Asker: 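Let me give you the structure first, and then I'll get to my questions.
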Number of protein chains: 2
Amino acid sequence: MNSSVLTAGAWQQSEEAVVPDHLCSRCPRGRFCLPLGLPLDEAQRLDSVMRIGRVMQTKQYLFHAGEPLKALYAVRTGAFKSTAIDCDGYEQVIGFQLPSELIGLDGVHAGVHQCSVSALTVSSVCIFPYKALMEMTSDVSTLARQLMRLMCKEINGNMAVIGDYMAEERLAAFLLGLAMRVHPRGELSTRVVLPMPRADIANHLRIAGETLSRVLARFQGQGLIELDHRVMHIVDLDGLEHVSRRVPPASL
Amino acid sequence: MNSSVLTAGAWQQSEEAVVPDHLCSRCPRGRFCLPLGLPLDEAQRLDSVMRIGRVMQTKQYLFHAGEPLKALYAVRTGAFKSTAIDCDGYEQVIGFQLPSELIGLDGVHAGVHQCSVSALTVSSVCIFPYKALMEMTSDVSTLARQLMRLMCKEINGNMAVIGDYMAEERLAAFLLGLAMRVHPRGELSTRVVLPMPRADIANHLRIAGETLSRVLARFQGQGLIELDHRVMHIVDLDGLEHVSRRVPPASL
DNA sequence: TGCCGGCTTTGATCTGGATCAAGAGATGCA
DNA sequence: TGCATCTCTTGATCCAGATCAAAGCCGGCA
């Protein structure tokens, strides 16, 4: 066993970390990733299925919409965005995936991916070949339940984008959501590195880039956040939560 | 067997019809209602479970949000609306239910209804006590699959309300959706009686009542529809579809 | 028959956010 | 090191739709 110990945040975002070993049952993220809730012996069965993906460069695609579902992926390091093409041919940013989050559920229903997923920064993933995973679920019912749970979460997760909230509410909810997800299942972190460009955030929230920029400036003026390029500090958590109050929590 | 024969539209909307008998396996709507796709012998098993509800008066509630799920309901005659209360205490119209459509799926997940459902006109329903229904699904797998199908449909059905479509697109999609649903699974009917007041439509589509009124006027001016109070004729189907083109079909 | 209270339409004005336009930092590359 | 490009911010203007306000219109009821 590798003796290096990871601190809670060591593997998050841009701070690359050496993973102690390549087993779900030993992974420091494991408690919050696909093996969440699995008893140790079942988590160990995941080890035999999981493979480590090659390092992915910025803008490199994990898969494209229309391709058959071959595997599910868990983000190991970095960040991804999933996009779809709308009926007028414009790209829609469906969502972002941070470390320990699952990618590929969009392809489960039809067996074909509905979105394209690309890396926002240098990133890496764990690969769970879908066929092998499904074979496991038949006798590991906890895993099946966990997959269902993650699907529901995915469905709910996009609630903030829908509804007719205004730009401030959407953005506040989005920033809080990110802050919650940086430490998965841990408490909210007040320092967040935004791994995506402004344009992607604006697209995802369905507001113009200019509006995003202005609302961010307003939030800073109101002392809700401090922002230096991609690095955000949440200064007034309660204030930010109050702005987003109308948007349902949408997270689990 | 009752010898009276119903024409395709006889039971729809305000035209009250005598139902030949009170069995799912004999019901003229059955082909498009809960028993859809069930082999005859399994449809007959539904008969033993189904009960006929009393006539419901306008504005009378079928159930309220927060009440435990006791039964699923199929609309027999009339129309219903389902509503929820948002975080500011305002009523949100979630959707409308027309004859042969199922009511109560909102309570399946939590065992407690998430919406309140009330009659828009004098209406009647078929009642399927949930417990008995669930006991059936365990050995009638077709029924379980049908229930899943209807749930997915319900989830998809509200897609038009989300997304950032403009008032014209939303409304065109809504009117087309109604026209499709009046003859369930049959072809679209060009004459539709809107069973709900304008205010409910506006609330559901998240536009102001005044905007709704103006867009309806515009549609008439453009020769897309003709409208006399609650009675709508679709004049230019292709035109209406073109206006709604950006909104995903959302129906099955 | 005439009045009252819901609905629905129509008009005037206001506003959040989009769009257009231009400048200011960053970042990359030769 | 300097130019080109991309990203982000800031300012000006425009527009869809909300809001405010005031009629019509209809059905119910005394």
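Remember, predicted model here, so these are calculated numbers, not experimental data. Below, chain A is the first sequence line, B the second, and so on; all start at residue 1.
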Asker: Output the rounded distance in Å from CG (B:D200) to P (C:dT8).
Answerer: 9 Å
Asker: Expressed as a whole number of angstroms, how long is the span from A:L227:CG to C:dA26:P?
Answerer: 13 Å
Asker: Is a side-chain donor-acceptor pair under 3.5 Å present for A:T83 with A:S116?
Answerer: no
Asker: Counting only side-chain N and O atoms of A:R198, is one of them less than 4.0 Å from OP1 or OP2 of D:dT9?
Answerer: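 For D:dT9, OP1 or OP2 has a side-chain N or O of A:R198 closer than 4.0 Å.
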Asker: For C:dA18, take OP1 and OP2 only and decide whether either is under 4.0 Å from a side-chain N or O of A:T211.
Answerer: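 For C:dA18, OP1 or OP2 has a side-chain N or O of A:T211 closer than 4.0 Å.
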Asker: Using whole Å, what does the distance between atom P of nucleotide C:dT8 and atom CD1 of B:I207 come to?
Answerer: 13 Å
Asker: Answer with base, sugar-phosphate or nothing: what part of the nucleic acid does A:A167 contact at a heavy-atom distance below 4.0 Å?
Answerer: sugar-phosphate
Asker: To the nearest Å, give me how far apart NE2 (A:H229) and P (C:dA24) are.
Answerer: 15 Å
Asker: Tell me whether the rings of B:H204 and B:F96 are parallel (<30°), tilted (30 to 60°) or perpendicular (>60°).
Answerer: perpendicular
Asker: How many Å lie between CG on A:L212 and P on C:dG16, as a whole number?
Answerer: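 Answer to the nearest Å: 18 Å.
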Asker: Check whether the side chains of A:T77 and A:S124 place a donor and an acceptor atom closer than 3.5 Å, and report yes or no.
Answerer: yes
Asker: Taking 4.0 Å as the cut-off, does a side-chain nitrogen or oxygen of B:R230 come that near to OP1 or OP2 on C:dT8?
Answerer: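 Yes, B:R230 has a side-chain N/O under 4.0 Å of OP1/OP2 on C:dT8.
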Asker: Separation of B:R214 atom CZ from C:dC7 atom P, in whole Å?
Answerer: 19 Å
Asker: CD of B:E210 versus P of C:dG11: gap in Å, rounded?
Answerer: 13 Å
Asker: Rounded to the nearest Å, what distance is computed from the NZ atom of residue A:K59 to the P atom of nucleotide C:dT27?
Answerer: 14 Å
Asker: Return the nearest nucleotide to the side chain of B:M166; candidates are D:dT10, D:dG17, C:dG17.
Answerer: D:dG17
Asker: Looking at B:L205, is its backbone amide N or carbonyl O close enough to the side chain of B:R170 to form a donor-acceptor pair, meaning the two atoms are under 3.5 Å apart?
Answerer: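 Side chain of B:R170 to backbone of B:L205, a donor-acceptor pair under 3.5 Å: yes, one is there.
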